[in-house]
Every structure is written in structure tokens, then in C-alpha cells.
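Here's the structure, in C-alpha cells; my notes come after.
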Amino acid sequence: MKSSNFIETAVEEDFAAGRFTPPIHTRFPPEPNGYLHIGHAKSICLNFGLAEKFGGKCNLRFDDTNPTKEETEYVDSIQNDVRWLGFDWEDRLYFASDYFETLYEYAVKLIKAGKAFVCDLSPEEMREYRGTLKEPGRNSPNRDRAVDENLDLFSRMRAGEFPDGAHSLRAKIDMASPNLNMRDPVMYRILHATHHRTGDAWCIYPTYDFTHGQSDSIEAITHSICTLEFENHRPLYDWYCRELGIHHPRQIEFARLNLNYTMMSKRRLLALVKENHVRGWDDPRMPTISGLRRRGYTPESIRNFCERIGVAKFNSTIEFPVLEQAIREDLNKRANRVMGVLRPLKVVIENYREGETEELEAVNNPEDESAGMRKVPFSRELYIERDDFMEEPPKKFFRLAPGREVRLRYAYFIKCESVVKNDAGEITELRCTYDPETRGGNAPDGRKVKATIHWVSAQHALKSEVRLYDLLFKTADPGDVPEGGDWRDNLNPNSLEVVSDAQLEPALAGAAAGERFQFERLGYFTVDPDSTDDNLVFNRTVALRDSYETKKKQPRVPLGTKARTGEKCPETGVWKVSGDTADTVSVNRGAKMPSHNDKAATWELHEIT
RNA sequence: GUGGGGAUCGGUCAAUGGCAGGCCGCCUGCCUUUGAAGCAGGAGACGAAGGUUCGAUUCCUUCUCCCCAUGCCA
């Protein structure tokens, strides 16, 4: 049993104390004004997960009280995404708009009880009357309007007698409350707009606050889980339920998900789409569920990700690699391996019979024996990855180089005999020899090679398009912009790279959209829906971890390098305080440089360990 | 002298009035027909000050810092 979070603890306490009777009943309540993103996935997993864990139910409810922002397209995509994630609301699909009539009756009830009134103040006037964070507000001049008059006005609001903004219905609470949400909040506003479901049946719409708790109540929700920004609304949520005398669910708030190098704001995601910074809501670079799906993420990996990031009230930001590791783990177990060369370099095996072809046995998935074997064609001319050859290899480079021998995966040892270049001095081809004795990859004489590289037979290769993705933004917190700056300035101009002449092994022919593979040594790839019969298109979901690359990217720094307290340590080693003391401390690369005697200090790298 | 919420390894989430644990990341080693995966090991934290207590990261007080709230959005 996984350790439980504070919400589960609260739920258990509620049941134990008899505040609610099991089973638990939760709901996922999106507003249909955009596509779902990974942040929603956290909420979905939480709500449906809670129901699952406590043997209860979870509803899907659209919080559609603002006709100006909502569309059917979003309603459809949201349902599709929740279902894809693997959750089932069974027959409990609801819309807040289904409750408009009931909500109207609730409002009338509050008017009759002298708890609500029709206000004539304009939005600007209301702002003035509301007061400030430190000063109390003033009562609306209409606050003491007679009940009959309120009733009459409210029904005429509904009947469409007034233009937008002419009146509003407000709760009569406390204009001096330190919580501004309690200063006579608006319950209904006049909006002559067509609603995606109710059409023109209404021209007054309830606000979120006058809708949410009551909708929860109507659906007999026990625990209403929402994000932190609604904490200040809880007193209002409670007030409406209490004054209306209806079933009263408990609202519990948690911190929404933040992921670095990306954005969760629907407004900005919409801007990315509308301004064509991406190809659509499902662009594989988007943090949307549909984007992640197209990118090749599995529902399991996303649920797993949500599981491991946890739930708390601390405003945190998850590091992107947590998401990447979640999909790697899943795909490592289920994706079949194939060989594909992204940047082909031709290799001619000089001692291999011209025109001949043989088939070699390859394992489909070393993690899953049931995946079986396949045949891979081998011939005299091959393609290998350009990165797998260096004419003048540095000491830590294990792959192919002049005079060096490596293994072609599942095939033979080959040795580079010579390099062919064009007039510009660029390498165009490698001339190699193979050792027939090493068929399958083993040398009978027991000799070893330091590297095994992937390859594909040139005449059998399947040319295809591969799209490589990088982070959408080049800064960890794209919303953090200097004065006068724009978050768009942080867009990564190189977030998409299209490789149009990748050469893949023939087994990939006919792969269907959505199928996932590991291209050995390169990463996980999925077939994009843009694929056609004669042009397969792959998306790279995520690269394999690469300890060679990470080492290359972080070159060793020289001894004597300085770093201040609080800075990121540039190298693992023994650090010495600058100046006359001999105090040293051992710090790991990436960690924060410590203080010295509780004071900030400058450290010098003394010894690399 | 606004109200509400929050603060634990680099990141994130736990537990606990008595050795602070997991995951991601980082480092080292082993293994390897993927520089992958796997296995083993390592470095690394209780925002500050008081108080209660034999003992406080945990309980209390004060402070500091961060987030939310001044829509007829949700």
C-alpha cells in the first residue's frame, strides 16, 4: 500500500468521525474552455483515484457557467482525454448547465430569506464599493431593497428585460469581511450570450461560486477536491450550502501541478495554438494530454507520474525529467526494439559478396521474452549513425574510428579500413571489412570490442521522416519575464527538428499510427498520424538516457575554479574557502555551495574526486 | 497590526516527541551484443529565534520568506 496523502487522511478521518457515510463520492469538474493538460491529469488521477481507493464513485462534470468561453469541441476532447487516461465515469456525466433551473430556484429561495438582493451597481461602482484588502467595503445602495421588488427584478432579469450588466444578483453577507469573497458576492450576472448547450434559453448565468457547491451537493458529492486558489472561496462554498440547507460536501484544496520548462495556463496554451507557435492543441510539444498522447506517452506513464509527484499544499514545481523517466520506464518494458539510423553514413563492407543478402536474428524486446524474434537483412552496403564514427576520436569515444573494430548489433564485427571524402572534405563513406567468424555478434576467439552500434542495410532500408522534439521553452520558468518582456521571448526556437531522410529497418513497414518502438540506442519513437503508406512519420517520445552525452555536456572545470555560497556546484570535489583558512568541504556537482561558519563564502576547487 | 495557506536532501513527496525515508537528479562501482536497462554503493535536508520537555523537525510563541485574495472568469 502506497503511503497516503493528506487528503486521503482527511477522508479517512471524516468517515471515522461519522461526518460522512461511505462510500466516497468525488468529481472531476473541468470548464470546457480548452484542452486538458498534464496538470488536469493530476486532478483526474486524484479524484478518480480517491474513488477507486475508497470504493466509491467519481463523476465527470462540466462546469459550464460562462457561455462566452466554452465550446462543444472542448467538451468532446475532455471526455476523450479522461477516457484515454483510463478512467470511467460510467453513466455519471453531468453539466452544471443541467442545474440552471434548480440554481434559479435556490436563488429565489435566498431572496425570499432576505439573503440575496438585486444590485444596480455597475462593475466599476461595485469595485469601489468593495473596499480594499485593508479597508472594509460599503453596502450597496440597493442592499435593503424589499423582497418583492428583488423577486420581480430577478424574474425580469431572467426574462431578458435588461441589457448586460444592468443588474446583478448578490448574496447579502458582510461588506466588512476580511475575505473579499464574502463582501456580497455576485450570484448571477446578465449575459446575452448563446450557451453551447442551453442555447438562448437563458440570459442570466450563475457564477462559479453560486454553482459549484450546489452542483456538488445535488450530485451527493462527499469530498470536493480543488486547487489552492479556491481556498479563499471555501467560506462562500460553505455559506451557500448552509443558507440553502442542502447536503454539504467538504471542500479540500491541494497545490496544482507546475512543471518546469513548460506552461500550464490555458490562456497561454491557447495563444501558442492561435499564434501558430505549435501545430495545434495536440502538437507533441504541448503539455496537453492530447499532445503527450501524440508524442507517444502512454496513459500508464502519466498515471504513474501523477502517483510519484504526490499531493500536498506546497506550491511546488516538478522537474521535467520526472515525466521523462516515467515514460522511459513504461516503454522500456513494452516497446519492441528496432534499428533506425537518423543521420546516415554509408558503410561499404569491402570483403562482403556483392549482391548478396542474409538475414540475421534479432531480439524484439529483451525485457519481454514473449515479444519474440525477427529477421534483419544484412548486405554489403549499410548505413550507420554519423555520430558513431569519428576520424580523430577523443580518448573516451568507444565507437568506430579508423583502424578500429566495433560490433554491428546482431550482425558482425567490422573494422574501418578507410575514409572516403568529397571535395569539400566531408566524409561521405566508410570502407570497412567484416569478420565472417563473428556472425551474430560473437567472436569465437573471444576478442572483445568496446562498442556495439546500430545499422541498417542500405538496399532494404525504409526512408522515413522523424520529428525530434526539445523543450518548448528555453527557460525553466517561462512565465518569469523581465520588465517589458513577453513570455513568448522564452520560446525555444529549436524545439522541433525534422529529419527527413532517416533510414529504418524494413520491419517497420506498415507500422500503424500510435505504435511505439525503441530505436536502439536512440530513444522511444511513435508513429505519427501524419504518416501515409509511402511516408512513415515518427515522433521521438523521449531519448534514452545517455551517460556519454551527459559527461560530454558537463566538461570538467579546472582546479581553482571559484563558486560562491548558494551557487550551483560546477564540479564534484573538495572545495576550500578562499583566503587564509584551510577549511574544506566535499561538494557534489549540481548541489548548492554551502556557507562557511554561517556566512556566505567564496570556495575554490581544491581537488576533483 | 487585512485575511487565508505554506516552508523537510539539488527537485518532489513521506514518516516521526527519541537513528529523518522513498522517488527524480547527481556521483562511484559491477554487469552488458543498446554508453540503454539492471544490480550494488555514495554524497545530500528539518527557514530563524525563543519556550515546554530528560529529549522538539514534530507541541506552543514570535519572526522571516513564499503563494492566494482587490472579475458581473473558473
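Predicted model, so just to flag it, every value in this text is computed and none were measured. A, B, ... follow the sequence lines: proteins, then strands. Residue 1 opens every chain.
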Report task. Determine: side-chain N/O of Arg234(A) to OP1/OP2 of rG5(B), distance under 4.0 Å, yes or no. Result -> no
Query raised in the report: Under 4.0 Å between a side-chain N/O of Ser316(A) and OP1 or OP2 of rC13(B), yes or no?
Result: yes
Requested in this report: Could you work out which one of rC72(B), rA74(B), rA69(B) sits closest to the side chain of Ser168(A)?
Outcome: rC72(B)
Query raised in the report: Can you tell me if the side-chain N/O atoms of Arg189(A) get under 4.0 Å from OP1 or OP2 in rA74(B)?
Result: yes
Report summary line: From CG of Leu180(A) across to C1' of rG3(B) the rounded distance in Å is 8 Å
**Report entry** Check against side-chain hydrogen bond (donor to acceptor under 3.5 Å, both in side chains), His454(A) and Arg337(A)
**Finding:** CA-CA 11 Å; His454(A) 59 279; Arg337(A) 273 61 169 169; over 6 Å; no
Query raised in the report: Which part of the nucleic acid, if any, lies within contact of Arg337(A), taking any heavy atom under 4.0 Å across all strands shown: a base, the sugar-phosphate backbone alone, or nothing?
Result: base
Query raised in the report: Can you tell me how far C1' of rC72(B) sits from CG of Asn66(A), to the nearest Å?
Result: 10 Å
Requested in this report: Give Phe320(A) one of three labels, base, sugar-phosphate or nothing, depending on what nucleic acid heavy atoms sit under 4.0 Å from its own.
Outcome: nothing
Query raised in the report: Strictly by modelled atom types, are Asp184(A) and Tyr129(A) linked by a side-chain donor-acceptor pair under 3.5 Å?
Result: no
**Report entry** Asn260(A)/Thr317(A) under side-chain hydrogen bond (donor to acceptor under 3.5 Å, both in side chains): CA gap, chis, key distance, verdict
**Finding:** CA-CA 6 Å; Asn260(A) 64 11; Thr317(A) 301; over 6 Å; no
Report task. For Lys396(A), report the nucleic acid contact type (base, sugar-phosphate, nothing); a contact means any heavy atom under 4.0 Å. Result -> base
Report task. For a salt bridge (Lys or Arg N to Asp or Glu O under 4.0 Å) with Glu505(A), tell me which candidate from Arg374(A), Arg409(A), Lys375(A) qualifies. Result -> Arg374(A)
Query raised in the report: Under 4.0 Å between a side-chain N or O of Arg399(A) and OP1 or OP2 of rG35(B)?
Result: no
**Report entry** Rounded distance (Å) that lies between atom P of rC24(B) and atom CG of Leu323(A)
**Finding:** 14 Å
Query - Mate of rC39(B) where both pairing distances stay under 3.5 Å, Watson-Crick or G-U - result: rG29(B)
Report task. Please determine if a side-chain N or O atom of Gln325(A) lies less than 4.0 Å away from the OP1 or OP2 oxygen of rG25(B). Result -> yes
Query raised in the report: Can you find a side chain N or O atom of Thr65(A) that sits less than 4.0 Å from OP1 or OP2 on rA74(B)?
Result: yes
**Report entry** rA37(B) OP1/OP2 closer than 4.0 Å to side-chain N/O of Arg545(A)
**Finding:** yes
Query raised in the report: With both distances under 3.5 angstrom, what nucleotide forms a Watson-Crick or G-U wobble pair with rU8(B)?
Result: none
Requested in this report: Scan Phe100(A), Phe210(A), Tyr99(A), Tyr188(A) and name whichever one has a ring pair (Phe, Tyr, Trp, His ring centres under 6.0 Å) with Tyr205(A).
Outcome: Phe100(A)
Report task. Using the P atom as the reference point in each nucleotide, state the distance between rG17(B) and rG44(B) in Å, no decimals. Result -> 26 Å
Query - side-chain N/O Ser547(A) vs rA36(B) OP1/OP2, d < 4.0 Å - result: yes
Query raised in the report: With Glu405(A), which of Lys415(A), Arg399(A), Arg447(A), Lys450(A) fulfils salt bridge (Lys or Arg N to Asp or Glu O under 4.0 Å)?
Result: Arg447(A)
Query raised in the report: What does Gly310(A) touch in the nucleic acid at a heavy-atom separation under 4.0 angstrom: a base, only the sugar-phosphate, or nothing?
Result: sugar-phosphate
Report task. Could you check how far CG of Asn258(A) sits from C1' of rG6(B), rounded to whole Å? Result -> 14 Å
Requested in this report: May I ask whether Phe398(A) stacks on the base of rG35(B), given the cut-offs of 5.5 Å between ring centres and 30° between planes?
Outcome: yes
Query raised in the report: For rC72(B), which nucleotide is its Watson-Crick or G-U wobble mate, given both distances must be under 3.5 Å?
Result: none
